[in-house]
Participant: 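First the structure, which I've put down as structure tokens, then a few questions once you've had a look.
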Amino acid sequence: MICTNCLKNTGEEHTVNADGKEVKVVLCPACFEKLYPAQDTDFFSAFVGRTGGSRKRCPSCGTTVEEFRMTGLLGCADCYTAFREEILPTIRYIQGTTRHEGKAPSGAAEANYDVVRDLVREQGTLKAELAKAQEEHDTEAVERLKVRLKEVSKRLSGVE
């Protein structure tokens, strides 16, 4: 079995205590020693490592590395860049890799994105105009806008 942390070395299955639950992990000896030093009892803190009390902060939201370690939550999208080195082992452990390997949109979906965006924008405009026409009791405009809104909604439901 391959180590789930470094994805390089041969690992052994270890049973560790994480938040009162027993969890099985596959780690090579070097990663096991790094992640589970004998004195460390907090699984999450041991896993993400310690920086010797540094006060590293996200420049956008001000979240600190220590807050991330305590909660496991990041404050904003920029935290991923600011704390890259600290969170990569966590992501690698949870997902097995640090590279996205999920499905990508098909070419048809990508091509239709602009059409759908424009239709949604037009639908919003028509709804606003319809509300205004109803307030003004303009029955002719109300009927015309309802027909157009129905056409746009039908096109939106038919776009794949």
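Throughout, residue positions are numbered sequentially from 1 according to the sequence presented.
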Participant: Measure the CD-CG distance between Glu67 and Leu73 for me, rounded to the nearest 0.5 Å.
Facilitator: 10.5 Å
Participant: Got a salt bridge between Lys56 and Glu66, using NZ or NE/NH1/NH2 to carboxylate O under 4.0 Å?
Facilitator: no
Participant: Verify the cluster assignment for Val116 and Val152: are they in a single hydrophobic cluster under the rule of side-chain heavy atoms below 4.5 Å apart?
Facilitator: yes
Participant: Rounded to the nearest 0.5 Å, what separates atom CZ in Arg57 from atom SG in Cys79?
Facilitator: 11.0 Å
Participant: Report yes if the side chains of Leu156 and Gln123 come closer than 4.5 Å at any heavy-atom pair, otherwise no.
Facilitator: yes
Participant: Honestly curious: do Val25 and Leu7 fall in one hydrophobic cluster under the side-chain, below-4.5 Å linking rule?
Facilitator: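 In one cluster with Val25: Leu7, no.
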Participant: With a 4.5 Å cut-off on side-chain heavy atoms, are Cys61 and Asp78 touching?
Facilitator: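 Contact flag for Asp78/Cys61 side chains = no.
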Participant: Does any non-hydrogen side-chain atom of Glu13 lie less than 4.5 Å from one of Met1?
Facilitator: yes
Participant: Have a look at Glu122 and tell me which of Thr125, Val120, Leu126 forms a side chain to side chain contact (heavy atoms under 4.5 Å, CB included) with it.
Facilitator: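 It is Leu126, the one option of Thr125, Val120, Leu126 that forms the side chain to side chain contact (heavy atoms under 4.5 Å, CB included) with Glu122.
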Participant: Does atom CD of Glu12 have more than 12 heavy-atom neighbours from other groups under 6.0 Å away?
Facilitator: no
Participant: Looking only at heavy atoms, what is the nearest atom pair of Leu74 and Ile87, with distance?
Facilitator: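 Of all heavy-atom pairs spanning Leu74 and Ile87, the closest is CD1-CD1, 4.1 Å.
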Participant: Under 4.5 Å between side-chain heavy atoms, hopping through other hydrophobics if needed: is there a path connecting Leu27 to Ile2?
Facilitator: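 No.
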Participant: What is the distance from atom SG of Cys28 to atom CG of Asn5, rounded to the nearest 0.5 Å?
Facilitator: 7.0 Å
Participant: Considering all heavy atoms of both residues, which atom of Lys154 and which atom of Ser157 are nearest to each other, and what is their separation?
Facilitator: O-OG, 2.9 Å
Participant: May I ask you to test the Glu151-Arg155 pair for a side-chain heavy-atom distance under 4.5 Å?
Facilitator: no
Participant: Grab the two heavy atoms, one from Gly75 and one from Thr63, that are nearest each other, plus how far apart they are.
Facilitator: CA-OG1, 3.5 Å
Participant: Rounded to the nearest 0.5 Å, what separates atom CG in Asp138 from atom CD in Glu143?
Facilitator: 10.5 Å
